[in-house]
Number of protein chains: 2
Amino acid sequence: MPNDDADRLFTFFTEIGIIAQLSRAAFEARLPDGMTLPHFTVLNHLVRLGDGCTPLALARAFQVPKTSMTNTLSGLERKGLIRIQPNPEDGRSKVVTITSAGRKFRDSAVVAAAETFGPMVEKFPAGWIETLTPQLAEIRAVMDRARDDGPN
Amino acid sequence: MPNDDADRLFTFFTEIGIIAQLSRAAFEARLPDGMTLPHFTVLNHLVRLGDGCTPLALARAFQVPKTSMTNTLSGLERKGLIRIQPNPEDGRSKVVTITSAGRKFRDSAVVAAAETFGPMVEKFPAGWIETLTPQLAEIRAVMDRARDDGPN
DNA sequence: TATATTTAGTTCGATATCGTACTTTATTGG
DNA sequence: CCAATAAAGTACGATATCGAACTAAATATA
């Protein structure tokens, strides 16, 4: 790879990183007390894609180590936003379900997100989000595959 | 903001966040021992934009709290990759300079980056990086401005 | 000039992240 | 059926991140 290509790539990932950091900080600033973005993200996933998945499935969905997911889930359970129960179909694993308090919290966080990002998005050029998102999704998919191939 | 818009926004930032996470993990896996992405990013900044800036300037450049920058810099100094000296022009502040070991390290990390991202980028659709990067930069600029306006 | 305010940096404490190693349960191969 | 291996989850330790409060130095104000 020529050096210029490396530079461009690096710039690209740097922009991605800074946007991720800024959006996370902006969103978390609106969240109550000890709640973090991962907490909300998990609740959102449970609402949108359904209950009853295992901790490991969640860890894979968000590309985090399972120890990180253990920590996130225990925080949510401590706050009464989810329940973690033994999996009747597999003694090794558990099943995560969202509580009604969890649903309520998620809904109010969606409102918070709207308030955080609403004023911002009005200033983005029209249609960018719609065209960028699928492109980013594809880039993500490529990176996922590269990762699955393992480090060669 | 309608709910659909909120959803789209959320999806967008989620993709951004996952790409940031994947790229960081892929890159750090190539870095020796205790080196992190922020370590490299600071060295890269010193090489590309020049030596002799203050810790606070670096913290602002990367949008991190100054306490985080203190930690990053002390790690780099411990490894002999930078020097931190008193600022002769301002008794409160310090001046950061990169050592030759730091330069050498940065150069080899650039190679590592090329090896990490080279095989990946070949699989991205041609030209995407070139068109996406300026768009992301503009989105980032909008978010920066929104942040500077402060919480209203 | 004397005091108040602002600025740069650090220290400290709380929490997040994540790798390693472990326990428990399932699955596989003989 | 039994041993070997794999898989799910957790405990633990190391480090990163970051907010609050602090110190020291510079600047503003009276």
Side-chain angles (χ1 to χ4, degrees), chain A residues 17-18 20-42 52-79 82-96 147 151, chain B residues 17-18 20-42 52-79 82-96 147 151:
Chain A
I18 293 182
Q21 193 177 357
L22 289 174
S23 64
R24 178 174 180 160
F27 181 52
E28 286 186 349
R30 297 269 187 159
L31 249 37
D33 192 17
M35 295 295 295
T36 64
L37 180 60
H39 288 138
F40 167 75
T41 309
V42 166
C53 43
T54 69
L56 188 59
L58 290 168
R60 293 213 173 105
F62 298 115
Q63 306 276 12
V64 298
K66 51 187 185 171
T67 56
S68 304
M69 187 52 63
T70 296
N71 184 48
T72 302
L73 292 177
S74 71
L76 287 169
E77 189 183 35
R78 195 164 5 95
K79 296 184 175 71
I82 62 168
R83 250 188 306 273
I84 307 179
Q85 288 155 322
N87 186 346
E89 298 177 2
D90 186 334
R92 293 169 299 180
S93 83
K94 306 202 171 162
V95 165
V96 179
R147 198 176 88 120
Chain B
I18 293 183
Q21 194 178 355
L22 290 174
S23 64
R24 177 173 181 160
F27 182 52
E28 287 186 347
R30 297 268 188 162
L31 250 38
D33 192 19
M35 296 294 297
T36 64
L37 181 60
H39 289 137
F40 168 75
T41 309
V42 167
C53 44
T54 69
L56 189 58
L58 290 168
R60 293 215 174 105
F62 299 115
Q63 306 274 14
V64 298
K66 51 186 184 170
T67 56
S68 304
M69 188 52 65
T70 297
N71 183 47
T72 302
L73 292 177
S74 69
L76 287 169
E77 190 183 35
R78 196 163 4 96
K79 296 183 175 70
I82 61 168
R83 248 187 308 272
I84 309 179
Q85 287 156 320
N87 185 348
E89 299 176 1
D90 186 333
R92 293 168 299 181
S93 83
K94 307 200 171 165
V95 165
V96 179
R147 199 177 86 120

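Letters go in sequence order (proteins before strands), and every chain restarts at 1.
Contact between the side-chain N/O atoms of A:T67 and the OP1/OP2 oxygens of D:dT10 is not found at any separation under 4.0 Å. Between D:dA7 and A:K66, no contact under 4.0 Å exists linking OP1 or OP2 to a side-chain N or O. In this structure, A:R60 reaches the D:dA8 phosphate: one of its side-chain N or O atoms is under 4.0 Å from OP1 or OP2. Between B:T70 and C:dG9 there is no side-chain polar atom (N or O) within less than 4.0 angstrom of OP1 or OP2.
When every heavy atom of B:A59 is checked against every heavy atom of B:K66, the shortest pair comes out as CB-CA, 4.0 Å.
From B:T54, atom OG1 reaches atom CD of B:E89 across 11.0 Å, with rounding to the nearest 0.5 Å. To the nearest 0.5 Å, the span separating NE2 on A:H39 from CG on A:L76 amounts to 5.0 Å.
Proximity of a side-chain donor or acceptor of A:T72 to a complementary backbone N or O of A:S68 within less than 3.5 Å is detected.
Here the P atom of nucleotide D:dC18 and the CZ atom of A:R24 are 8 Å apart, to the nearest Å. Atom pair A:K94:NZ and C:dA26:P shows a separation of 14 Å (rounding to whole Å applied). In this structure, A:E77 atom CD and D:dG9 atom C1' are separated by 13 Å, rounded to whole Å. Between A:R92 atom CZ and C:dT28 atom C1' there is a gap of 12 Å when expressed in whole angstrom units. Between B:L73 atom CG and C:dA8 atom P the separation is 15 Å, expressed in whole Å. Spacing between atom CZ of A:F40 and atom C1' of C:dA16 amounts to 19 Å, rounded to whole angstrom units. The separation between B:E89 atom CD and D:dA25 atom P is 17 Å, rounded to whole Å. In this entry the distance linking CG of B:L37 with P of C:dC18 reads 13 Å, nearest Å.
The side chain of B:S68 lies closest to D:dC18, out of C:dA16, C:dA26, D:dC18. Out of D:dT17, C:dG9, D:dC18, the shortest distance to the side chain of B:P38 is found at D:dT17.
If A:D90 and B:G34 are placed on DNA chain D by their nearest nucleotide, the residue sitting closer to the 5' end is A:D90. Take the nearest nucleotide of DNA chain C for A:T72 and for A:G91: the residue whose nucleotide is more 5' is A:T72.
Here B:N87 lies out of heavy-atom contact (under 4.0 Å) with every strand.
A:C53 has its side chain out of reach of A:V95: every pair of non-hydrogen atoms, C-beta onward, lies at least 4.5 Å apart.
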